[in-house]
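The block underneath contains the structure these notes are about, expressed in structure tokens.
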Amino acid sequence: MKKHLLFALLLAAALTVLCACGGDGTVDEPGKATDAEAVSENSVVVGITNDMDSLDPHKAVAAGTTEVLYNIFEGLVKADPDGVMQPALCSKYTMSEDAMSYTFTLREGVHFHNGDDVTAEDVIYSLKRVAGKLDENDVNVISAFSIISDITEQTAADGSTEIVVSLSEPNTELIYYMDCAIIPADYGEQTKKPVGTGPFRFVSYSPMESIVLEKNSDYYGAKAHLDKVTFKIYASTDDAFMELLAGKVDIYSYLSADEASQIEDSYDIVMNTQSLSEGLYLNNEFEPFTKLEVRQALSYAVDFEEIDGVLTGGNSEILKTAMFPTFKEYYNEETKNSYPHDVEKAKQLLADAGYENGFDLEITVPNNYQLHLLIAEILVDQLKEVGVNATIKQVDWSTWLTDTYRGRNYEATVIALDSTLAPADVLHYYESTNGSNFVNFKHEEFDALYAEARSATDKEVKIAKYKECQQYITDNAASVYLMCPKIMVAVNPKLAGYTFYPIYVQDMSTVYYK
Amino acid sequence: MARKNKKHIKISFFIGAVLLSVLVVFAVAGFFYTPYSVEEVNYKLRLSAPSLKHFFGTDNMGRDVFSRVVSGLGATLAVSLGITAIGAGMGVLIGAFTGYFGGIADEIIMRLNDTLASFPSILLALVCVSLFGSGTANVVWVLGVLFIPSYARVVRSEFIREKEKDYVKNAGIYGASHLRIIFLYILPNIKESFFAAIAIGINNAILAEAGLSYLGLGVQPPVPSLGRMLAEGQTFILKAPWVCVFPGAVIMLTVLAFALVSENLESRDYVSVFGAGRKNIRNFYKNTAAFSDVSYESPEKDTLLSVRNLHVAVNDGGELREVVSGLSFDVRSGQSLGIVGESGSGKSMTASAVMKLLGNKAVYAADSVLFDGKELCSIKTKELNELRGSEIAMVFQEPMTSLNPTKKVGKQLADAVKTHVKHKKRNTQVRLNEKNAEETAAADKTSEEVKQIVLSAMKDAGLDDCDRIYNSYPHQLSGGQRQRLLIAMAIALKPKLIICDEPTTALDAEIADKILERLEKLRDEYRLSMIFISHDLSVIGRLCERVIVMKDGIKIEEGSFKEITDSPSHGYTKELVSAGKWHELFGSGKLKSVPAVNENQAAVRKLTENVRASGQKTMICKVENLCVTYDKNTKKELKVFENVDFSVNKGECVGISGKSGSGKTTLLKTLVGMTEYDGKIELSGRALMVFQDPYSSLNPSMKIEKMLDEVQLLQYRQSRKNGKGAEKNSAKNSLPSKSDRRKKSVEMLRKVGLDESYLSRKPAELSGGQRQRTAIALAVITEPELVLLDEPVTALDVTVQEKVLKLLMQLKKDYGLTYLLISHDLNLLEAVCDRIFAL
Amino acid sequence: MYYVKKLLSLTATVILITVLAFLAFSVIPGDAAVLKLGTDATEEQVEALREEMGLNDGVAVRYARWAKGVLSGDFGESSYYNMPTAELLGEKTVTTLWLAALAIIMIIIISVPLAIISSVRENGIVDRIIQFAGQICMAVPSFFLGVLIILVLGLTFKVFTVGGYVSYKDDFGKFIGYMIFPAMAVAVPKIAMTVKFLRSSLIKEKQKDYVRTLRACGTPEFKILAFDVLKNALIPTVTFVGLIIAEVLAGSVIVEQVFGIPGLGRLLVMSVQTRDYSVLQAIVLYIGCTVVTVNCLVDISYHLADPTVRNKR
């Protein structure tokens, strides 16, 4: 499972997420959803608002790109809608007791799009390339794979070929990273003409315009229903929305609540909670935030109902800790009702910490995702009630990445952190020594707990430990967690089968015309 | 006198001003109070339509759009004013200095300006904002810098134009420093176009800020900005259009208000008759026909042109002012009629009225204008066009501008001829006119033959080397040649009547003489009848048998030339007759011998000295082998004059005569230190100058009192600066108080014949004569040792010239001044000068 | 000689532009390497990629390398799209050129007749209306105009299919059909400006003495207007339109965003966000060159059209 961050939607243009309640005056419905010739051709136009950052699966970083490449490439395993890693290019996989090695049995008779067979050599080449073991200066590497010591091929008793991945330290969660793409060995043209094993084959790509895929007829699994899928790239959400109104697009995701309300009668709106932790992240080394009471005061000052009501139409799920419900048994339910909205308590805490008449706060906000800006604007209004006067500093995405995230020179920032399905991945931000600890949350106690949770092999122990970690984060108010925002997708009423996965992807193979 | 028409404020200016004040009031109020706080989020009321509670409705977060728009307007206005302040402030300085000083600095800065202009403004804004972080302050200085080129360019071109003017040179001569000239003299005069540029600049600033905010880079939340509101509102355009429409509309209204205001700031250099309003014109026509006091007998049979009760009116500040009232005259075929009068007497207007060339500058009415039996008052334009050029033609005063600069001369003449040739072919009856029978009889007129007509007309007009001239452009020909071309154009189709409107006034004496000679020959050869208009009686005498004298639009006398000159009945005519005869005026004897002025001005001759008057000889100015060459050692080196020696004694009036372009003015400039020269000039004391053109020698934006005060101030500073130098004069030592200086100014004005009320007037409110008197007062008030007079009276009306010249002589006596007088009119010099040089 | 001097100063300006642009980029925070790797890359990985992309060398070195490349026709590789800049730029430039061309054609076709009408019937009602409408058009921000056009023409009256952009390669007719509307959004404010300028130039020209001479020779009014006055009035207007062309080319960024046209404007905004230096530099060079050449062409045409200017230089 390739590790990536949803908020790294590299070029998602300003996206407005607004609540849908009280949509007065429905839109007079301009043209029918799909025009005639699209149906006969059994093809679909999917609107996306960000361009491909690379067609090479191992180089693509932006969530917006991996969403699309999901249809072309497949890994040894693939997550199903409930988050369980099902076998894909491998027929079955087993983990050794000591969680020091994983064995995958290669599925027979699987071909790449260019017709070649998928061999063990291709798998080893791909895994090594992703692990940065091929050549030292190969840059795109999944950090979790650093613990892989060796990848070898062996033939099993029944003659099938097996791939054994041995580790330098026990890790029960590595399976979640094994959905990384398997590509033909030494095939140099990935960035121009990508070749994978997925249900769709690459046809053409013209920057800033569109990327076209067609059905892979000899796909080993459930074949795709559609013959052709065109991902149309729009300059901005407004631009895309205009075409929605004109009925030129079949599927369009990341709808804002308000956009959804305007096209309710011409499109079906399907919804799902995103596995994202949207919140006001506090730089723990910024003076006032060094004090626990101040961080807790802010958590009390924030009113989730108003934000959810205004911005996501009451559909989002409240969140008071770093992990989100997608992790099912690992998720610590109790944290949900901590820090209820209580202005008096917040003022009291601030007074205790010596800030009775509040302090100035600059909230840095990346301008690539409108929800962050709108939340920040509401927070400014809410924080004023407890005496904290906040101002907003908008920066473009690359400045946020370099200055705020890596440089850590910020006071507070509104962002949404995502993760792969591995529980360890969602909490690694809070490990003192970790490079991604941009909130500077440095607590040995937490590091110890986190290490124990990661190395525990027994599931019960692991769950308990992870829950403790979450409780620690919530009690110490590492940051002000708000919600898991809802994602809304407009789907042409003639279509069905649009499925959501825990980590958001646009799986076109399940979509079909009714 | 061009009076500024205050009454006539255009309605659009009024609307603009009202709109602007309303917006500004809202914006300012917005800073203190808005119905709802700008950030107040209230999601129950999201996207509610405009209502009494929320005038502009609410936006996607339930915030009141009206209060956000009002404070947004305040922010936008503040930001654009900030941008304009930086842009205009810096722009003025850069424009002023590069325009004024020129040279390499000018070149480099202009190069930078072009680069900045061609740099995509959006990119520069993106770069700077990402660099310094977005936010109001950064947006202001980034866009401020971006707008500098537009202001610098406007100010620079204005400075280049103004610095050539005489009042700037004068200021330099008085000793004003460069900075003083730039800020006190030139800047006030470019106020109007600068304010217009500012108004446009503010518009661009508003649109640029809105553009940047649209891209999310401008003013940052929570500060509301109209541009960003517009961008955010775009998504609900269908569902809640008010969120996006109101901010957009307010931007538009603000920009519109500024545009309307700025449009009327630009100086009004031309007001058409229609400006006076239809009503005025209609009732003007009504009452003219009523009274025609002069009854006139019906025209004899051989009269070519008879004009009865002609009235012409021009638009003067909104109402119609009559310039010709009740004029009637006849022209018999083969006879020449002279019309004499000073400028403003309406003589040119009469000619244009007859030819219906007034366009929308003036309006006319007449009982009848009969030409060769046809009534011109009610003639159809098509028929009139057939007459003009072929039957009745006109020669104009200004040869320099009367030809289309971008077309070859031959072609222009050919086109004029061709239009008439086509007329002739169209109306089949072949006009039997024995003069040009052979040409019109030829069936088809090919362009080759038209060319022949033109070439023969050019020869008639006295042009040689016709083929070369035929293919050259107007700017490649001399004034004399162009005037001959106009004459050729007029006579090409052998018209019956030619109207000449001061054809020789703009030319040099001897070329004018040749042109008049040529006109005489043509008139006799083709038995043309002619109307000759001039302010100079002697010119009219040569050509016309009968003369009309006009003053202020009325015919005051009519008769044969001899009657008018020998026994003028009207006082004004007497003045006209005696004008220009300087000897009688000044009763000074003729000079023994005056060197003939040689034709070829390129030849540089040693100055000959002609001594006439005796007198004590304290030398105050000595010049030895003076030599001036323009653009020294470059390809275009031009030697103006060399080894010029002469001296001027105290109390003398020395004259310098020479053809135009012989370097007279340059000589004066060297004395005043305005041009480099080689050779030696010894000048004991100060030399001040009176320029030729009264309209450009006074600072248009300064009151007379300030000018006179300024001269005394500067003179005092200069004398204190070189007080330690040679000339130590106690009277000039201590700075006279303001009231003393004012008293001296009043006394000086009285001396030049202007009363105290003129102190508070500006040059625009004075006549040509009054301006020249002021210029003289300025030059004389500080009693300089030497006063240089560059053609002081040439540009004035004939009668006024005499008065001003008398004033100069009077002042010379009173203040014991020394004059160095330049004129192309030799007998003027003979009348007043003690000694004369020919250059 | 004059042309050589003109050419030299033009090249100097272009070089100056590229140097300015390069300095500007090297100063912006955030760089392509970090962007490529996303959030979870380690320090060494970022360093390695930065080395690979040559971001660490001094500004001068990078500029020299870039300049050498440009002279040999290689505009370097887009760090974001991993494809040669020239190829990426090629198609987008044509789209923007077409947008600018359509806008300029509109400006010329609409403003000349309007200016003539309003100058012939000066201060008449028609003239007043045209002037007032001009004021309003100049006051409308171009992106607001774009939104209005989409809303009114696109969605309500369905005159054109919103978002119906078709690349000129596939179907030229549809491409032009769609491009007219963004061109309108770009052109309208510029038309108002040109009409105002040409009208005042025509009125000034009509008062000149040579027009009076032509009338005196009996040339009919419409001939004077058509041949002499219009030609002389157009000469200064060419310079004015020259400046506007430069603005249209550089300024259509926002209109491209509103209409979703994959032109240079959009590429410009995107490459700044992705710190894609080679593409940015190429765009700046392109816009700088176009603006400079347009000014040069305008200057030369002014030179040829107006003989009086010719020998003054």
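Note on naming: letters A, B, ... go to the chains in the order of the sequence lines (proteins, then strands), and numbering restarts at 1 for each one.
Looking at Ala249(B), only its backbone comes within 4.5 Å of chain C, counting heavy atoms on both sides. Interface remark: Asn232(C) contributes side-chain atoms only to the contact with chain B (heavy atom separation under 4.5 Å). Using a 4.5 Å cut-off between heavy atoms, Ile150(C) makes no contact with chain B at all. If you measure heavy-atom distances from Lys231(C) to chain B, the contacts under 4.5 Å come from the side chain alone. When heavy atoms are compared at a cutoff of 4.5 Å, Val147(C) approaches chain B solely by way of its side chain, counted from C-beta outward.
With sequence neighbours excluded, no residue satisfies salt bridge (Lys or Arg N to Asp or Glu O under 4.0 Å) with Arg482(B). By the ring pair (Phe, Tyr, Trp, His ring centres under 6.0 Å) test, Phe227(C) is found to be paired with no residue, residues two or more places apart in sequence or in another chain being considered.
Looking only at heavy-atom pairs under 4.5 Å with chain C, the residue among Asn404(B), Leu486(B), Leu357(B), Leu230(B) that has the most is Asn404(B). Contact count versus chain C (heavy atoms, under 4.5 Å) is highest, among Ser402(B), Gly389(B), Ser352(B), for Ser402(B).
Separating the NZ atom in Lys92(C) from the OH atom in Tyr286(C) is a distance of 13.5 Å, to the nearest 0.5 Å.
Of the possible donor and acceptor atoms, one in the side chain of Thr293(C) sits under 3.5 Å from a partner among the backbone N and O of Cys289(C). Panel note: side chain Gln476(B), backbone Tyr473(B); a donor-acceptor pair is recorded below 3.5 Å.
The existence of a salt bridge linking Lys407(B) and Asp415(B) is confirmed by a sub-4.0 Å separation between a basic side-chain nitrogen and an acidic carboxylate oxygen.
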